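Since the structure is predicted, the reported quantities are computational estimates derived from the model, not experimental observations. Each chain gets a letter, A, B and so on, in the order the sequences are listed, and its residues count up from 1.
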Amino acid sequence: MISRRKLLTVIAALAGFASLRKTVKAQEPTENYDWNKHYYAFVVDTNKCIGCGRCVRACKIENEVPMLPFFFRTWVERWVWLEGHEEPNVDSPNGGFDGFPPEYDERAISKSYFVPKLCNHCARPPCVQVCPVGATYMTKDGVILVDEKYCIGCRYCIQACPYGARYLYPFDGPRESRRGTADKCTWCYHRITRGYKPACVEVCPTQARKFGDLMDPEDEIRKIIEEERIQVLKPEMGTKPKVFYLGLDSEVR
Amino acid sequence: MSEILWQALQQVQGYIYPNEVEVNWSVLIALYPYITGLVAGAFIVASLERIFKVEAVKPTYRLALLTALAFLLAAPLPLVAHLGHMERALEIMMTPHLTSAMAGFGFVYAWYLMAVLLFELYFDYRRDIVMWAQEKTGIKGFIYKILTLGDYDISENAVRADNRIVNIVTVIGLPSAAFLHGYVGFIFGSIKANVWWSSPLMPIIFLFSAMVSGIALVLLIYIASSYIRGVELDRACTDTLANYLLYAYLLDLSLEFMELAHLFYTQEEGIDAIRILIMDKMFWTFIVIQIFLGTLVPIGLLIFARTGIVKFNIRKYLYIFATVLTLIGVFAMRWNVVIGGQLISKTYLGYSTYIMPLFGPESISLALAIWILPFIILAILVKLLPPWEEPHEWERVELE
Amino acid sequence: MALFNSEKLCEGITMRTATKRFLLIYLTFIVVFLALRAIIVPPSFGELTDDYTYRWFRADSVREIMQLDMKFASKEMCAGCHKDKVEFLNRGAHSTLSCETCHGPSIKHVQNPGDNLPEIDTSRALCKLCHEYNPTRPEGFPQKFTDEHGYGRLCVDCHNPHSPWVFKGGVEQ
């Protein structure tokens with residue numbers, strides 16, 4: 001008798017387990033937006049960046065990122081190669097939020113440029129691969145998102161990102177539901193799915209930041225990627241980034 | 001929280017990504033592989049007797065098992081305590097994302113606890129539990145009565161069956177123990193973004209340092225418990241354990257050496273940053289504590305003890321000294337992996353600083369509390385299930 | 001029928017009471033775990049999953065993120081009402097700028113034009129962000145801003161911020 005009861009329980013349990021795997025799969029998350037019809041990419045033209053930091057500010061406002069110098073979804077770096085120095089001088093005071101004070105003497109500089117950084121929304125994202133619970137994922141249109149209601153805050157993804165694009169949303173941050181979870185750039189997913197540009201792209205005064213849809217044959221981004229010589233950050237990591245750089249120096253990482 | 005970050009920002013050296021100012025994996029995460037390592041190591045000591053029939057270490061068999069259990073019960077605490085959302089911890093078993101090295105933790109842990117340790121302990125102790133249940137009264141007797149699960153059969157056949165179960169479980173348990181800890185190494189070794197972690201050798205290095213620390217812990221607890229009970233140490237047992245500690249140490253040292261040799265010989269990108277990390281940032285914890293005090297000195301002491309120049313009474317103190325240094329050295333190794341890997345920036349151009357708070361979440365006081373807990377659990381377990389009984393009748397029978 | 005057969009199979013293996021009960025406790029654990037799992041896991045988890053490695057997630061999370069509030073509007077939205085301003089802007093040297101580059105986040109103003117007027121910052125500090133001399137800036141970018149230029153007056157006293165080469169106050173180019 002016991003063995004039959006046992007067997008029945010096992011069968012019931014397995015059935016319960018299987019019922020969780022719903023076979024019905026929706027094609028798109030909502031009715032008014034089809035994520036199968038888009039595939040986004042981002043282009044940063046370092047030749048045009050003037051280091052004004054408006055993007056950093058706009059990003060922090062748009063996405064409720066804490067206004068502290070330890071948490072950034074996007075930031076701008078200043079790379080300065082001084083004459084006679086082998087190593088570059090790199091800085092990013094407050095992520096470039098307040099712009100860059102002119103610290104260097106022009107005559108000592110051999111070359112210098114600004115490099116805006118953000119999440120690369122890799123096509124092979126190590127951060128998603130290492131999430132133990134399924135709280136970060138890649139959407140069909142190619143954006144890496146974090147589920148702030150599901151993330152356990154183990155910070156494995158932060159360790160796995162080669163670009164330093166993630167941070168732990170602090171426990172005193174302004175957005176309560178996001179506290180203690182991993183946070184990162186979403187390419188302003190709430191904007192782009194409504195047809196607007198990400199906030200940093202919107203406010204960039206020199207169009208150093210460009211955002212577009214690779215599935216749209218008329219898109220400027222697509223033309224740049226098809227026709228220009230582009231680079232990505234840390235290609236040796238095999239992450240296949242979707243933020244493409246124009247005029248990137250080989251030492252930048 | 002943010003005061004510490006402001007301090008850390010002041011101490012940043014060179015250029016690091018702005019999000020790297022915060023060292024995300026704290027002392028608690030250094031404690032976690034340390035504790036699991038002790039579990040795996042202690043279990044391997046127990047397996048020596050069961051599988052490899054090393055008769056000399058028999059006095060530590062049950063003690064090693066109880067030690068493994070005590071530390072295993074504490075092992076998830078540092079992990080859970082450091083989560084941003086502790087209440088969501090169970091998700092790791094509810095919707096496991098198995099491409100993550102971390103997702104296996106719940107299952108590996110449950111498997112090791114339930115299918116290996118509890119199984120082995122229960123069937124090893126079953127005969128004694130039944131006997132205690134008949135002898136003892138009061139709360140203790142009640143606990144034993146529950147533990148018998150209503151089966152009071154301790155006939156020769158039953159005991160032999162128990163023994164067979166324990167043997168099978170140990171055979172399954174040894175690879176499980178190796179997996180439990182090798183897998184912890186994989187959590188770090190698989191992070192390609194971090195030059196200091198990314199290495200296929202990492203799981204094996206973790207495994208061998210786990211064996212080192214586990215043997216040292218069991219030896220130390222054995223010496224201490226004998227002292228507390230006022231019992232003479234078993235010389236053969238102590239010397240044999242010390243010998244195994246030495247062998248494990250030599251393997252561990254050569255693996256570490258291979259890892260460093262590979263890093264410095266291949267000179268891949270980031271090697272300059274690693275050089276500064278080792279020589280400057282981690283000089284004390286890596287060179288002085290881990291390599292010199294934590295590895296070379298204990299190996300020297302153990303070799304010296306092995307020559308047999310000194311008497312056992314003095315050898316005993318050499319062992320105590322060596323095992324304490326070992327335990328410190330292995331913790332330093334965990335620290336240097338976990339914290340060290342985060343000090344080095346992914347830009348390879350700078351270093352962050354880890355500032356450990358005294359109190360509060362992820363603080364030194366919490367880490368110490370979690371570290372002391374397994375000893376308390378062990379004391380309770382030893383009271384409930386005394387590991388120093390006479391050898392079983394049936395074991396004598398089987399030996400013949 | 002298969003059920004009955006397997007029952008007989010189970011009977012074939014003789015198990016002691018202790019082993020049987022020990023295993024029964026484990027079985028209870030597993031059943032409790034599976035029952036808990038059925039309750040705890042959010043219903044939409046795995047709904048949009050077609051790739052276990054990269055899309056193992058709670059589908060409602062995408063919907064929640066899509067519905068987050070915007071803080072910034074867009075240049076096109078501004079043009080909806082301020083058509084003349086935007087056209088003027090687009091003809092001048094500041095044509096690549098968005099209104100909100102200087103005026104700040106304005107979606108509230110779009111939703112409720114009467115209230116929440118966008119900020120108008122006329123300070124030299126704002127212009128300095130882009131036009132202060134800095135050797136790192138690309139060559140050819142207008143960055144002649146120094147403290148001598150303009151003798152401490154506001155930039156907007158002479159330049160029209162919407163088209164900086166259009167001058168106010170009678171200053172000739």
Any idea which of [options] has the most non-hydrogen atom pairs under 4.5 angstrom with chain B?
{"options": "D91(A), V252(A), N89(A), N94(A)", "result": "D91(A)"}
{"options": "S92(A), P66(A), G95(A)", "result": "S92(A)"}
{"options": "F71(A), Y150(A), Y167(A)", "result": "Y150(A)"}
{"options": "K149(A), E87(A), K117(A)", "result": "K149(A)"}
{"options": "P132(A), C154(A), G164(A), G134(A)", "result": "P132(A)"}

Discussion item. At a 4.5 Å cut-off on heavy atoms, which part of P170(A) comes close to chain B: side chain, backbone, both, or neither?
Written reply: neither

Discussion item. At a 4.5 Å cut-off on heavy atoms, which part of A135(A) comes close to chain B: side chain, backbone, both, or neither?
Written reply: neither

[X] side, atom [atom1]; [Y] side, atom [atom2] - distance, nearest 0.5 Å:
{"X": "I191(B)", "Y": "C161(A)", "atom1": "CD1", "atom2": "SG", "answer": "10.5 Å"}
{"X": "Q342(B)", "Y": "R155(A)", "atom1": "CD", "atom2": "CZ", "answer": "9.5 Å"}
{"X": "E87(B)", "Y": "I152(A)", "atom1": "CD", "atom2": "CD1", "answer": "10.5 Å"}
{"X": "E236(A)", "Y": "E269(B)", "atom1": "CD", "atom2": "CD", "answer": "5.0 Å"}
{"X": "M102(B)", "Y": "C131(A)", "atom1": "CE", "atom2": "SG", "answer": "9.5 Å"}
{"X": "Y17(B)", "Y": "F72(A)", "atom1": "OH", "atom2": "CZ", "answer": "14.5 Å"}

Practice prompt. Could you check E91(B), M93(B), M94(B) and say which one makes a side-chain contact (heavy atoms from CB on, under 4.5 Å) with V133(A)?
Written response: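 The residue from E91(B), M93(B), M94(B) that satisfies side-chain contact (heavy atoms from CB on, under 4.5 Å) with V133(A) turns out to be E91(B).
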
Just wondering, are more than 12 heavy atoms of other shown residues or ligands nearer than 6.0 Å to [atom1] in [X]?
{"X": "F186(B)", "atom1": "CZ", "result": "no"}
{"X": "K111(A)", "atom1": "NZ", "result": "yes"}
{"X": "E176(A)", "atom1": "CD", "result": "no"}
{"X": "R275(B)", "atom1": "CZ", "result": "yes"}

Worksheet entry | Part of I187(B) lying under 4.5 Å from any heavy atom of chain A |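 Contact with chain A: backbone and side chain both.
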
Can you tell me which of [options] forms the most heavy-atom pairs within a distance under 4.5 Å of chain A?
{"options": "N24(B), V21(B), L98(B)", "answer": "N24(B)"}
{"options": "L9(B), L83(B), N194(B), I29(B)", "answer": "L83(B)"}
{"options": "A193(B), S100(B), S198(B)", "answer": "S100(B)"}

Over all atoms of both residues, closest heavy-atom pair of [X] and [Y]:
{"X": "E22(B)", "Y": "L168(A)", "value": "OE1-O, 4.2 Å"}
{"X": "V128(A)", "Y": "H97(B)", "value": "O-CE1, 3.1 Å"}
{"X": "F171(A)", "Y": "G84(B)", "value": "CE2-O, 3.6 Å"}
{"X": "F70(A)", "Y": "N19(B)", "value": "O-OD1, 3.3 Å"}

Fill in: Contacts with chain A made by residues 345-358 of chain B (heavy-atom distance under 4.5 Å), listed by residue number
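Within residues 345-358 of chain B, the residues that come under 4.5 Å of chain A (heavy atoms only) are K346(B), T347(B), Y348(B), L349(B).
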
Worksheet item: Does the side chain of W25(B) come within less than 4.5 Å of I158(A)'s, by heavy atoms?
Response: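 I158(A) vs W25(B): side chains apart.
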
